[in-house]
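Report on the following structure.
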2 protein chains.
Amino acid sequence: MNIGEVAERSHLPAKTIRYYEEIGLIKPPRDENGYRRFREEDAHSLRFLARARSLGFSIEDCRALLSLYHDRGRASADVRRIAQEHLTRIEAKIGALQSMQTTLRHLVETCHGDNRPGCPILDDLAGLE
Amino acid sequence: MNIGEVAERSHLPAKTIRYYEEIGLIKPPRDENGYRRFREEDAHSLRFLARARSLGFSIEDCRALLSLYHDRGRASADVRRIAQEHLTRIEAKIGALQSMQTTLRHLVETCHGDNRPGCPILDDLAGLE
DNA sequence: TATGGCGCTTCCAGTTACTGGAAGGTCAAG
DNA sequence: CTTGACCTTCCAGTAACTGGAAGCGCCATA
């Protein structure tokens, strides 16, 4: 199948698929006219990648996971480690965002938001609490 | 003061401060030897920027906020709008991360993580749930 | 057969917010 | 006078695409 079809099937933009080929995540053969010809195997890898990316794995994580998937004798311990580290990063990020959220919520609530002078948000940013 | 001192005072790396000058967030004058000379005003702006960045505001948001701060007659409504929009983005991001977290936690928990073949994480990514 | 239009190709540039490193000038201390 | 810390500029790289231009390929219709 051509790139348009596999794009639709994997829910990835064609641009992204070309990019994944460029960085070596997939290696579809070419037809005589130069078009990429995607086999079922490629479509499968792309769906795998789309799912892993949607879970926030980095491209390098995806590369490792895909290779572990293609290796038979999949070393489940490696997969688990990658996922666990990723989970830890996600949790840290959530924590950081929640702390921003708390501060911002407070600031937005105390800002009257009209044209009277003085703004608690700017005062906070300026270090004038 | 020189860049080293203002870097220490604002808790921003010197590299970042040069970058902020390059993109026009601050405009410190130069000494005869070409060194940047930071006035109190510049140090203040840098602390403002450091705080706003630590709250996750984008550089362009920071630019707007700084300009609203320097404008007397600070239009508090604009500030509030920027902060509110930012808060909304943060909340969306938290939601997305939490959904990843839930899925990953489940996957990590069900993965035995030894060398037995078969791995629920890879199976999920491959779409074989 | 011409042509229109979509799909495919490559290549280049831009995005965000820095960060690292090289090559070299300045300054104060010993 | 040298050493070392501090400053300068410039170039390149990061992550993961995304947009756009220029130019073929292919199919259908007039």
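Throughout, a chain's letter reflects where its sequence line sits, starting with A, and its residues are numbered from 1.
Put simply, CG on Leu25(B) is 13 Å from P on dT16(C), counting in whole angstrom units. As a whole-Å value, the separation of Glu8(B) CD from dA5(D) C1' is 14 Å. Across the protein-nucleic acid pair, Ile17(A) atom CD1 and dT9(C) atom C1' stand 15 Å apart, rounded to whole Å. Between Asn2(A) atom CG and dC6(C) atom C1' there is a gap of 12 Å when expressed in whole angstrom units. Separating the CZ atom of Arg63(B) from the P atom of dT16(C) is a distance of 11 Å, rounded to the nearest angstrom. Going from atom CD of Glu21(B) over to atom C1' of dC18(C) covers 15 Å, rounded to whole Å.
Checked against side chain to side chain contact (heavy atoms under 4.5 Å, CB included), Ser58(A) has the following partners two or more places apart in sequence or in another chain: Glu60(A), Asp61(A). Taking Tyr20(A) as the reference, nothing meets the ring pair (Phe, Tyr, Trp, His ring centres under 6.0 Å) condition, with sequence neighbours excluded. In terms of the side chain to side chain contact (heavy atoms under 4.5 Å, CB included) criterion, residue partners of Arg9(B) (sequence neighbours excluded) are, by chain and number, Met1(B), Glu5(B), Glu40(B), Arg47(B). Residues forming a side chain to side chain donor-acceptor pair (under 3.5 Å) with Asp42(A) (at least two apart in sequence, or on another chain): Arg39(A). Considering only residues two or more places apart in sequence or on other chains, Phe48(B) meets the ring pair (Phe, Tyr, Trp, His ring centres under 6.0 Å) condition with Tyr69(B). Partners of Arg53(B) by side chain to side chain donor-acceptor pair (under 3.5 Å), not counting sequence neighbours: none found. Residues forming a salt bridge (Lys or Arg N to Asp or Glu O under 4.0 Å) with Glu21(B) (at least two apart in sequence, or on another chain): Arg30(B), Arg36(B).
The stretch residues 26-43 of chain A touches DNA chain D through Asn33(A), Tyr35(A), each having a heavy atom under 4.0 angstrom from the strand. Listed in residue order, the members of residues 89-97 of chain A having a heavy atom less than 4.0 Å from DNA chain D come to none.
Fit an axis to the five pairs at each end of the helix from dT1(C)-dA30(D) to dG30(C)-dC1(D) and the two axes sit 30° apart, to the nearest 10 degrees.
A salt bridge links Glu85(B) with Arg81(B); the closest basic N to acidic carboxylate O contact falls under 4.0 Å.
The two residues Cys62(B) and Ala52(B) make their nearest non-hydrogen contact at SG-CB, 3.7 Å. Summarising the geometry of Leu66(A) relative to Leu49(A), their closest heavy-atom pair is CD2-CD2, 4.0 Å, with the distance given to 0.1 Å. Shown here for Ala7(B) and Pro13(B), the closest heavy-atom pair between the two residues is CB-C, 4.5 Å.
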Identify all side-chain donor-acceptor contacts of residues 97-104 of chain A below 3.5 Å with residues at least two apart in sequence or on another chain.
residue, atom, partner, partner atom, Å
Gln101(A), NE2, Glu91(B), OE2, 3.3
Thr102(A), OG1, Gln98(A), O, 2.9
Thr103(A), OG1, Ser99(A), O, 3.2

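Each of dT10(C), dT8(D), dT19(C) was ranked by its minimum atom distance to the side chain of Arg18(A); first place goes to dT10(C).
Contact annotation: the side chain of Leu87(A) never approaches that of Leu107(B) to less than 4.5 Å [non-hydrogen atoms, C-beta and beyond].
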message = Please encode protein proximity along nucleotides 11-17 of chain D as a string of B, S and -, counting only heavy-atom distances under 4.0 Å.
response = -----BB
